[in-house]
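What follows is a single structure, and I will ask about it in a moment.
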Amino acid sequence: MHTSLLLEMAAGAFPERVAIGPLAGGLTYEELSLRAKAAAGWLCGFTGDKVVFVGTNGWALPAAIMASALCDRPFTPLNYRLADPDLRKLLSRTAPSVAVVDDDMLPRLKGVEGVTLLARSDFEAACLEPARRAAELDFVDPDIAVLLFTSGTTGEPKAAVLRHRHLTSYVISSVEFMGSEENEAALVSVPPYHIAGISAVLSGIYSGRRIVYLAAFTPEEWVDAAAAEQITHAMVVPTMLGRILDVLEARGEGLPALRALSYGGGRMPEAVIARALKLLPHVDFVNAYGLTETSSTISVLGPDDHREALSSEDPDVRRRLGSVGRPLPALELEIRDPDGNVVAPGVSGEVYVRGEQVAGEYLHKKAIQSDGWFATNDGGWLDEAGYLFVEGRLDDVIVRGGENISPGEIEDVLRQHPGIADVAVLGVPDDQWGERVAAVIVARGEAPSVADLSALVKSQLRSTKTPETWEFRAELPYNETGKLLRRVLKQELSRTGVPAA
Amino acid sequence: MEFKPGSRLKSSVCSAEVVVVRPPTGDIVLECGGHPVTPIAEAAPEGLALSADHQGGVAAGKRYVDAESGLELLCSKAGQGSLTANGRPLTLKEAKPLPSSD
C-alpha cells in the first residue's frame with residue numbers, strides 16, 4: 001500500500017477539515033492533497049531518482065513527503081544542522097536527486113554533482129499552480145518511500161530504507177482512520193529528518209488530527225505554541241520534556257487543553273516523568289519505543305500503565321515507569337542471548353522484533369534475517385507481565401574484566417541522588433580491566449562528593465559496577481534529537497579521565 | 001485479477017474502493033455490491049446495478065477479512081455495496097485503538 005493513499009483517504013472522507021497549521025486559515029486535507037499533486041507533477045519534470053529535503057518544519061514537509069510518494073521517488077530528508085562539509089557529503093550520496101532546500105540554506109549546498117537544487121519558495125509556488133493541481137497523475141507501483149540517514153552517534157551515517165508497505169502497515173495497524181475529534185491538534189517539534197517527523201505526518205493525516213509545526217524547538221516557544229493553538233497532543237524527547245516542565249513551573253502555567261503527551265527517543269529519567277505526572281495531572285502520558293528501522297513505535301507504555309505504576313506500592317509495578325511498556329499487538333518481540341536463544345523473563349539480552357512494519361534494511365545492505373526477525377542492537381529484558389525494559393545500545397555496554405555492565409542501571413541509581421541533574425556512565429580504556437566504569441555528572445547546585453556517590457551505587461549494585469572515574473561537567477553532549485553522544489564523552493575521557501583516589 | 005499487497009480495486013456498482021492488505025491464498029472472486037470488483041485504473045463495466053442482497057456498505061478506514069482465504073482489505077473509500085469472496089461475506093476486523101505515540 002502506498003503512503004499517498006493515506007492522504008487521499010483523508011481528503012476523500014474529510015475534505016474540509018484542517019490538516020496543517022492554525023485552525024483559522026490552515027490547510028485542509030483537500031488543499032494539502034492538491035498541493036502534493038501539483039508538487040509531484042512539478043518534481044517529475046526534473047532528473048533525479050530521489051527527492052531530498054533540506055529545511056525546517058512547515059506545510060512544505062507533508063506536501064513534499066506526499067509528492068515524493070506520488071512520483072515514486074524516495075523522500076530523503078537531511079539534517080540541515082550538520083556542518084557544511086558533512087551535509088554536502090550526505091547530499092552527494094543521494095545523487096542523482098532533486099533537492100528541495102530552504103532558501104536561506106541554498107548557498108551552503110551549491111555545486112554538488114548530480115543534485116538539482118530547488119528553492120523551497122519555488123516548490124511552494126508550484127503547489128499553487130492551477131494547471132498542475134488539475135492534472136491527473138498516473139497510478140504508480142510503490143516501492144521505497146523514505147531514506148533516512150540514521151543519526152550516526154557512532155561512525156558514518158547509514159541510509160535506512162523504509163518502503164511504502166512498512167510505513168503503511170505501521171499506520172493502519174496502530175492508528176484509527178479519522179479517529180480524532182475535529183478540535184484535536186498535535187504540536188510537532190521533532191525535525192523532518194527524524195523517523196518521528198515522518199510518522200507524525202503519516203499518523204497525523206490518517207487520524208485526522210491537525211498538525212501544528214514548530215520550526216525549531218525552544219521550550220518557551222513550545223509552551224507558547226501549545227497554549228496559543230490549543231494543542232491537545234504532542235511528542236517530545238526526554239531532554240525537551242525536562243525543559244518544558246521548567247518553563248511551566250516558572251510561569252505557573254498548566255496547559256489545560258493538553259490531553260496526551262508522548263515521549264521517546266531516549267531514556268527518560270524517572271524523576272522527570274514523575275514530575276511531569278505531578279505537574280500535569282490531567283495529561284495522558286505515553287512512552288513510545290521504536291527505531292528508524294522499525295518504522296517508528298514498536299512498544300508503548302500507555303496512560304493507564306503510567307498511573308498504575310506511579311500509585312503502586314508493589315516495586316515490580318512501580319518500576320514499570322522506567323519501562324517502554326508492551327509491544328504493539330501487530331508485532332512479535334523476543335529477548336535473545338548472544339547464541340540466539342530466547343531468554344526467560346527478567347534476563348537481559350538483545351531485543352529482537354518481527355512484523356510487517358519492520359524494514360531492517362539499509363541502502364545496499366539488508367539487516368533483517370530471512371525469517372523476518374530484526375536484531376535491534378538494543379539490550380533489554382521483559383518482566384513477568386511482558387513489559388519491556390530497554391537498557392541501551394549494546395555498543396554502549398561496558399566490558400570490565402569480562403563482566404558486561406549496562407550503563408543504564410548505574411545511571412538510574414545515580415539519578416536518585418538529589419544533587420544530580422544529569423549523568424552519563426560509560427566505559428573508558430583501562431590497562432588492567434580492559435575497560436573501567438566512568439561517570440560524568442552534571443550537578444544540581446553544589447556538587448555531591450565522590451564518596452557519597454560511590455556509597456550510593458555500592459548500596460544498590462555489585463561493587464564492580466561502582467564508577468572508578470568521576471568527572472563533573474556543566475552539561476552533557478546531546479544531539480538535537482536528545483540522543484546522548486557517548487562517543488564524544490568516551491573520546492574526551494579516554495584522554496583526560498582521572499581515576500578516583 | 002491481481003491480489004497483491006497494495007493492489008487497489010474499486011466496486012463496479014458503487015463508490016467503494018479497497019486496497020489489498022493481505023492477499024488470499026489461491027484464487028477468489030471478490031465482489032462488491034454483488035458484482036466482481038474492477039482494478040482501480042480500469043473502467044468498470046457499464047450497465048450493472050447494486051444487488052439488493054449486498055447493500056450492507058463499507059466504511060473508509062475499516063479492514064475487512066475473509067478467514068477462509070486469508071484475504072484482508074482496507075476500505076479506502078466508502079460505498080453502499082458489501083464485500084464477498086467466493087460468495088462468503090467479508091467480516092469487519094475489529095482493532096483496538098492504541099494510545100497515540102507520534
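Order of the sequence lines fixes the chain letters, A, B, ..., with proteins taken first and strands second; residue numbering starts at 1 for each chain.
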Provide the closest heavy-atom pair for B:A41 versus A:F139 in the form atom of the first, atom of the second, distance. CB-CD1, 3.8 Å
A:L6 versus chain B, the contacting section by heavy-atom distance below 4.5 Å: neither
Chain A heavy atoms under 4.5 Å from B:V21: which part of the residue, side chain, backbone, both or neither? side chain
With the side chain counted from C-beta on, respond yes when A:V300 and B:L98 share a heavy-atom pair under 4.5 Å apart, and no when they do not. no
Kindly provide each donor-acceptor pair between chain B and chain A shorter than 3.5 Å, listing atom names and distance.
residue	atom	partner	partner atom	Å
B:K4	NZ	A:D141	OD2	3.2
B:R8	NH1	A:E8	OE1	3.1
B:R8	NH2	A:E8	OE1	3.4
B:R8	NH2	A:E8	OE2	2.7
B:R22	NH1	A:E356	OE1	3.4
B:R22	NH1	A:E356	OE2	2.3
B:R63	NH2	A:I172	O	3.4
B:S100	OG	A:R209	NH1	3.1
B:S101	O	A:S262	OG	3.2
B:S101	OG	A:T297	OG1	3.0
B:D102	OD1	A:Y170	OH	3.2
B:D102	OD1	A:S199	OG	3.0
B:D102	OD1	A:S296	OG	3.4
B:D102	OD2	A:Y170	OH	2.9
B:D102	OD2	A:S203	OG	2.5

Would you please name every residue forming a side-chain hydrogen bond (donor to acceptor under 3.5 Å, both in side chains) with B:H54, sequence neighbours left out? B:S51
Specify which of B:A60, B:A78, B:C75, B:G6 makes the most heavy-atom pairs with chain A at under 4.5 Å. B:A60
Considering only heavy atoms, which portion of A:A200 lies under 4.5 Å from any heavy atom of chain B: side chain, backbone, both, or neither? both
Under 4.5 Å heavy-atom distance to chain B, tell me which part of A:I172 shows up: side chain, backbone, both or neither. both
